[in-house]
Participant: 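Take a look at this one; I'll ask things after.
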Amino acid sequence: MSARRERALRAGWASAERLMDGGHPGHTPVPLPGGVADTWIAFDQAVRDLRRHRHETSYIGDDVVALCHPDGYVREGALRAPDPVLELVAIRCTDWVPAVREQARRVLRAVLDADPAGTVRRLTPLLLRLGRREHGAWAAALLPAALRGASLRAELRESADLPTRRFAARLSLESGEFDVRELARLAAVELDPPTARMWADAALAALATDGPDDRAVDFLLGAHIPMVRASGVTALRGAGRAAEAGVYLTDRSGLVRACARWLVRQDGGDPYARYRELVKDPARVTPYAVSGFAECARREDGPLLRALLGHPGGPVRAAAVAGLRLLDADDERLLRSLLDDPSPAVAREVSRGLLATAGPLPADWLMARVAPERPTHTRRAAFHLLRARGGMASLRAAVTLLDVRDPGLRELAEGTVREWNWQGSLQAGWADPAELGALLERSAHLFDIHQLAPLFDRLALTETALPDRTARPTR
């Protein structure tokens, strides 16, 4: 489940609980959920579930509760009230009770006839999700006819709701309202990859049918999304511009670089030779040139990449480390010497390379690199390796990092401590009770008292050793 959808579901349940807990006579009415479709679906389910387990007979907003009531007769009656909540009417259009469905559909059809544009703006995200339900096809089928207007489709193509955005794009493509340049422009400015792919595929199809168009190709080449830029590189051949492919050999995307290498070869060129010229010239080499070179290099090219480990640019050094790993031309001794590199990108790549051999790495050597005086990126790389190595060193490092300022690293350390098998460590002889107790005291703020007391008991520590819960580490 995506984080966005999880937030929407939590919001729906929270709105339902506020309604059921605060909606008694004399109280201020509780606001209903906003316009997020998943929130309304969660709200409907939550009100029904909460109502099953409660016996209050009066709520402010009784019509809202009735629309979500477990009893189908109550739901149907609520649909006959004046101005029922439109989102809940839409949900009732997919109700499992036929009489409720039919009544909800009559209400929704009347609202749609009275204000088609406003209803579509408000309900499209919800109707698209309801269309996946057993009885949801009717509701989803309303949309294509209601979206005949180009201006309304254009409005929904800008929706923050991605299913709505994609649906409006599909309808626009089916309408045939755009020429090849507009299709390419829409592909270039789109930030949602599936939607961008639809526009790009349509633009390529139009180019194949109607012939080359330099302006359309330029739009594709300037796109934000790599797949669209790759389409533009591919289209260079049909436009008679294959000689331009060399520019994209150093694109930031591996997909675009691969398409550029293909086109350079089709045009009789040698991408490998071009890459070698770039990486041999310190003034012209870029991180993406190094990455592209590694993607088509041979193992014997390892020395050329190793020479770049002394380049003044951290991103270039990081790309060289990644390239050596791609060629299987790195080694533990080389990587260990680079873990202290001042560039976070280099430390990150070195950590990835060492993860495969994290077991033999000396724990003391890694522990020295999570010490407070080390740079944050070095501490992070060493901690990842300690976690992969396992054993008590990873717990000691996690406790050391509980006061680190970097929120991501601190969260990783806290998770390690919370998930640690403290009793298992004692039984395995990894540490004595005194050390475990000291580590537990330093991390006690991560546990509630009901978790903490049993842990101290299992470690054979006295309850007087339980720390003051008001204490917190300094950050």
Side-chain angles (χ1 to χ4, degrees), residues 1 3 6-7 10 336 339-342 344 347-475:
M1 181 188 300
E6 187 175 351
R7 286 194 300 270
R10 284 201 302 267
R336 283 179 58 177
L339 191 62
D340 296 322
D341 193 280
R348 184 167 55 248
E349 291 297 339
V350 169
S351 175
R352 289 172 181 166
L354 286 171
L355 277 174
T357 58
L361 294 175
D364 291 345
W365 181 80
L366 290 172
M367 282 296 297
R369 280 152 182 78
V370 297
E373 64 272 14
R374 296 282 184 166
T376 299
H377 66 270
T378 303
R379 301 179 82 188
R380 182 187 301 109
F383 184 50
H384 279 296
L385 293 168
L386 281 165
R387 277 168 50 88
R389 186 182 188 281
M392 276 299 296
S394 57
L395 177 62
R396 295 182 188 113
V399 174
T400 300
L401 292 167
L402 290 179
D403 61 352
V404 72
R405 293 185 179 274
D406 181 81
L409 182 54
R410 186 171 64 246
E411 183 178 344
L412 183 62
E414 290 173 351
T416 301
V417 172
R418 286 194 182 99
E419 296 165 7
W420 192 260
N421 185 349
W422 296 82
Q423 190 175 8
S425 300
L426 182 62
Q427 293 170 343
W430 289 354
D432 58 39
E435 181 187 11
L436 285 169
L439 292 171
L440 187 54
E441 287 184 14
R442 290 172 61 188
S443 54
H445 62 283
L446 301 177
F447 304 94
D448 63 45
I449 194 65
H450 302 294
Q451 297 170 311
L452 202 57
L455 279 174
F456 270 80
D457 183 59
R458 290 176 193 138
L459 298 177
L461 300 172
T462 62
E463 289 195 11
T464 57
L466 286 173
D468 179 3
R469 297 312 312 278
T470 62
R472 291 292 185 273
T474 301
R475 291 179 182 169

Participant: If you define the side chain from C-beta out and look only at heavy atoms, does anything of Thr400 sit under 4.5 Å from Phe383?
Facilitator: no
Participant: Hey, are the side chains of Gln423 and Pro454 touching, using non-hydrogen atoms and a 4.5 Å cut-off?
Facilitator: no
Participant: Roughly how far, to the nearest 0.5 Å, is NE2 of His445 from CG of Leu452?
Facilitator: 11.5 Å
Participant: Write down the atom of Leu385, the atom of Leu366, and the distance for their closest heavy-atom approach.
Facilitator: CD1-CD2, 3.9 Å
Participant: Excluding sequence neighbours, so at least two apart, what forms side chain to side chain contact (heavy atoms under 4.5 Å, CB included) with Gln451?
Facilitator: Phe447, Asp448
Participant: If I take atom CZ from residue Arg405 and atom OG1 from residue Thr376, how far apart are they, to the nearest 0.5 angstrom?
Facilitator: 9.5 Å
Participant: What pair of heavy atoms forms the shortest contact from Pro362 to Arg389, and how long is it?
Facilitator: C-NE, 4.4 Å
Participant: Looking only at heavy atoms, what is the nearest atom pair of Met367 and Ala393, with distance?
Facilitator: SD-O, 3.5 Å
Participant: Check whether any side-chain heavy atom of Arg348 sits under 4.5 Å from a side-chain heavy atom of His384, and report yes or no.
Facilitator: no
Participant: Check Gly391 against Trp430 and note the closest heavy-atom contact, atom names and distance.
Facilitator: CA-CZ3, 4.1 Å
Participant: Provide the closest heavy-atom pair for Ala363 versus Leu386 in the form atom of the first, atom of the second, distance.
Facilitator: O-CD2, 4.3 Å
Participant: Less than 4.5 Å apart, any side-chain heavy atom of Leu440 and any of Val417?
Facilitator: no
Participant: In chain order, what residues pass the side-chain hydrogen bond (donor to acceptor under 3.5 Å, both in side chains) check against Arg418, with sequence neighbours excluded?
Facilitator: none
Participant: Who are the side-chain hydrogen bond (donor to acceptor under 3.5 Å, both in side chains) partners of Ser425, not counting sequence neighbours?
Facilitator: Trp420
Participant: For a 4.5 angstrom cut-off between non-hydrogen side-chain atoms, does Asp403 reach Arg410?
Facilitator: no
Participant: Under the side-chain hydrogen bond (donor to acceptor under 3.5 Å, both in side chains) test, which residues partner Arg387, sequence neighbours left out?
Facilitator: Thr416
Participant: Kindly indicate whether the side chain of Leu402, heavy atoms from C-beta on, has any atom under 4.5 Å from the side chain of Arg442.
Facilitator: no
Participant: Are the side chains of Leu436 and Leu395 in touch, meaning some heavy atoms are under 4.5 Å apart?
Facilitator: yes
Participant: Among residues at least two apart in sequence or on other chains, which ones pass side chain to side chain contact (heavy atoms under 4.5 Å, CB included) with Ala347?
Facilitator: His377, Ala381
Participant: Could you name each residue pair satisfying salt bridge (Lys or Arg N to Asp or Glu O under 4.0 Å) that touches residues 369-382, not counting sequence neighbours?
Facilitator: Asp340-Arg369, Asp340-Arg374, Arg380-Asp406
